[in-house]
**Q** 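Quick one: this structure, given as C-alpha cells, is what I'll be asking you about.
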Amino acid sequence: MLAEKRILNIYVPEGYSDKDTTRYPVVYLLDGSADEDFIHVVGLYQFNNFSWIERVPKSIIVGIANVDRKRDFTYATTIEADKKRYPTAGHSDKFIAFLESELQPYIQAKYKTAASKTLIGQSLAGLLATEVLLKKPNLFSQYIIVSPSLWWDNGSLLNLNLEAMNQVIKSPKGVYIGVGKEGLGPSDIPHVMEVDANLLVEKLMLLKNPNLRIHFDYLPEENHATITHQAVFNALRLLNPVPSKK
C-alpha cells in the first residue's frame, strides 16, 4: 500500500508466551516512534497492568514509526494555501488501507492476538483516528483521540453524514475524545480546536447508537504539547470502568 519500509516498535506484556493459549488485545499507536509516544504510552499500559491496579488487560502495543505524518494522516484538502504549505499531504486513504490490509493481518499472524483492537492518535494522528472512526468504525474496538486536528480542510470531516455509521456498527465501540486548552489551529480559516472537538462529540452523540460509548474529556490544565500522556491515562480509566460490586 505504502511501498516503503516501516519501523514497528512492539511491546509484549509480561508473561507473554507462545507456550500457552492466552491471547492479548492489541493497541495500535500512531506517532509510535521510540522518540515520539511509544515509550511513555507503553509505560501507561504497564502501570495500569500492575496486579494491584488491573485497570486494563495486558496488551500488545504496536508503535507505528513515522515516515511522513502529514502525508499519512491527512486526506486531500481543498485549501490551496495548505496544498502549498504541505505539498506531500492528502494520502490518508493509503495509510488506512495499510492499517487494514497489511498491518493488522501481519500482527494477527505473528502474535497471539485477541479480537479487541485500540487505535491511539494525537493532533494530525488524532485527525487520522477520527477519519477511521467515521469512515471505517469496525477497524477498531476502541478509539483514543487526543487533540484532533479537525481544522484540516476547513473542518470538512465534521460535515460527513454519519448516519451510515449506525448501519455498520454492530458491536460495542469505546470512544475517548480528549482536548486541552489549545485555541486556534494552524489554519488560515479560524478553527478553535476545543470547539471542533465538541462538535465531533455532539455529532456522535446525536447518532444515539447503543453500541457507541463516547467519553469527552476537557483538560484545561494541558495544551497541545502537553496533553497526550494525561489524556491517554484518563482514557484507559474511562474506557475500562471497574465493574460495580453487588
Side-chain angles (χ1 to χ4, degrees), residues 29-31 36-37 69-70 72-86 89-90 92 95-96 118-137 140 142-166 169 173-209 211-239:
L29 174 65
L30 305 174
D31 291 329
E36 294 176 311
D37 292 333
R69 68 196 299 273
K70 291 183 176 67
D72 291 338
F73 297 162
T74 61
Y75 50 89
T77 180
T78 58
I79 308 300
E80 293 300 325
D82 284 342
K83 290 179 184 179
K84 293 177 181 177
R85 196 177 289 128
Y86 311 113
S92 61
F95 189 82
I96 294 169
T118 298
L119 181 64
I120 301 178
Q122 188 262 347
S123 192
L124 283 179
L127 176 71
L128 188 281
T130 304
E131 185 181 2
V132 176
L133 170 64
L134 301 187
K135 295 179 178 178
K136 286 181 170 283
F140 297 92
Q142 294 185 336
Y143 292 82
I144 298 176
I145 299 170
V146 183
S147 302
S149 297
L150 298 172
W151 55 266
W152 182 255
D153 192 33
N154 194 24
S156 63
L157 202 57
L158 293 169
N159 296 327
L160 288 179
N161 183 346
L162 302 187
E163 288 299 325
M165 289 181 67
N166 273 340
I169 296 178
K173 307 292 175 193
V175 179
Y176 168 94
I177 298 170
V179 67
K181 194 170 185 179
E182 311 196 28
L184 292 171
S187 56
D188 293 341
I189 303 169
H191 275 269
V192 178
M193 295 187 70
E194 299 94 312
V195 173
D196 282 352
N198 267 287
L199 286 171
L200 173 61
V201 171
E202 288 175 7
K203 287 178 176 290
L204 292 171
M205 296 290 283
L206 284 172
L207 291 175
K208 294 182 168 56
N209 190 309
N211 282 318
L212 205 53
R213 194 159 49 88
I214 303 158
H215 303 276
F216 179 65
D217 193 15
Y218 177 49
L219 290 77
E221 299 300 316
E222 308 297 339
N223 59 40
H224 199 73
T226 66
I227 188 173
T228 305
H229 193 83
Q230 186 62 54
V232 174
F233 182 89
N234 290 358
L236 297 185
R237 172 174 49 81
L238 290 167
L239 292 172

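Everything numeric here is computed off the predicted structure, so don't read it as measured data.
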**Q** Considering all heavy atoms of both residues, which atom of Gly126 and which atom of Ile145 are nearest to each other, and what is their separation?
**A**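 For Gly126 and Ile145, the tightest heavy-atom pair comes out as O-CG2, 3.7 Å.
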
**Q** Does some side-chain heavy atom of Leu199 sit less than 4.5 Å from a side-chain heavy atom of Glu202?
**A**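 Yes - at least one pair of side-chain heavy atoms lies under 4.5 Å apart.
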
**Q** In a check of side chain to side chain contact (heavy atoms under 4.5 Å, CB included) between Tyr143 and each of Ile177, Val132, Leu239, which one passes?
**A**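 The option that passes is Val132.
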
**Q** How far does CD1 of Ile189 sit from CG of Asn154, to the nearest 0.5 angstrom?
**A**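 Those atoms lie 3.5 Å apart.
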
**Q** Kindly indicate whether the side chain of Trp151, heavy atoms from C-beta on, has any atom under 4.5 Å from the side chain of Asp82.
**A**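 Contact flag for Trp151/Asp82 side chains = yes.
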
**Q** Shortest non-hydrogen contact from Lys135 to Leu157?
**A**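 Taking every non-hydrogen atom into account, CE-CD1, 4.3 Å.
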
**Q** Any side-chain heavy atom of Phe73 within less than 4.5 Å of one from Ser149?
**A**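 Phe73 does not reach Ser149 side chain to side chain.
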
**Q** As a quick check of understanding, evaluate side chain to side chain contact (heavy atoms under 4.5 Å, CB included) for His191 and Leu150, giving each step before the final call.
**A** CA-CA 8 Å; His191 275 269; Leu150 298 172; over 6 Å; no

**Q** If you round to the nearest 0.5 Å, how far is CG of Asn234 from CG of Asp217?
**A**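 Answer rounded to 0.5 Å: 4.5 Å.
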
**Q** Is there a donor-acceptor pair closer than 3.5 Å between any side-chain N or O of Glu221 and the backbone N or O of Leu219?
**A**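 Side chain of Glu221 to backbone of Leu219, a donor-acceptor pair under 3.5 Å: no, none is there.
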
**Q** Here's a test for you: under side chain to side chain contact (heavy atoms under 4.5 Å, CB included), which of Leu204, Val179, Leu200 qualifies with Phe216?
**A**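 With Phe216 as partner, Leu204, Val179, Leu200 yield a single side chain to side chain contact (heavy atoms under 4.5 Å, CB included), made by Val179.
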
**Q** If I compare all heavy atoms of Pro220 with all of Lys181, which pair ends up nearest, and what's the gap?
**A**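 Distance-wise, the nearest heavy atoms are O-CB, 3.6 Å.
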
**Q** Between Thr74 (side chain only) and Gly90 (backbone N and O only), is there a donor and an acceptor less than 3.5 Å apart?
**A**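 Yes.
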
**Q** For Leu30 and Phe95: C-alpha separation, side-chain torsions, deciding distance, then whether side chain to side chain contact (heavy atoms under 4.5 Å, CB included) applies.
**A** CA-CA 11 Å; Leu30 305 174; Phe95 189 82; 3.7 Å; yes

**Q** Could you check whether any side-chain N or O of Thr226 sits under 3.5 Å from a backbone N or O of Glu222, counting only pairs where one atom can act as donor and the other as acceptor?
**A**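 No, Thr226 side chain to Glu222 backbone: no donor-acceptor pair under 3.5 Å.
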
**Q** Checking Gln142 side chain against Tyr176 main chain: does a donor-acceptor pair fall under 3.5 Å?
**A**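 No.
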
**Q** Do the side chain of Glu194 and the main chain of Gly183 share a donor and acceptor less than 3.5 angstrom apart?
**A**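 A pair under 3.5 Å: yes.
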
**Q** At what distance, to the nearest 0.5 angstrom, does CG of Leu160 lie from CG of Leu134?
**A**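 These two atoms lie 6.0 Å from each other.
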
**Q** Would you kindly say whether Asp153 and Tyr75 are connected by a side-chain donor-acceptor distance under 3.5 Å?
**A**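 Per modelled atom types, Asp153 and Tyr75 side chains form no pair under 3.5 Å.
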
**Q** Is there a side-chain contact between Leu236 and Ile144 (heavy atoms, below 4.5 Å)?
**A**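 Contact flag for Leu236/Ile144 side chains = yes.
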
**Q** Mark yes or no for whether Asn166, through its side chain, and Leu207, through its backbone, hold a donor-acceptor pair below 3.5 Å.
**A**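 Flag set: sc Asn166 to bb Leu207 pair under 3.5 Å.
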
**Q** Just by distance, do the side chain of Lys173 and the backbone of Phe140 share a donor-acceptor pair under 3.5 Å?
**A**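 Side chain of Lys173 to backbone of Phe140: a pair is present.
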
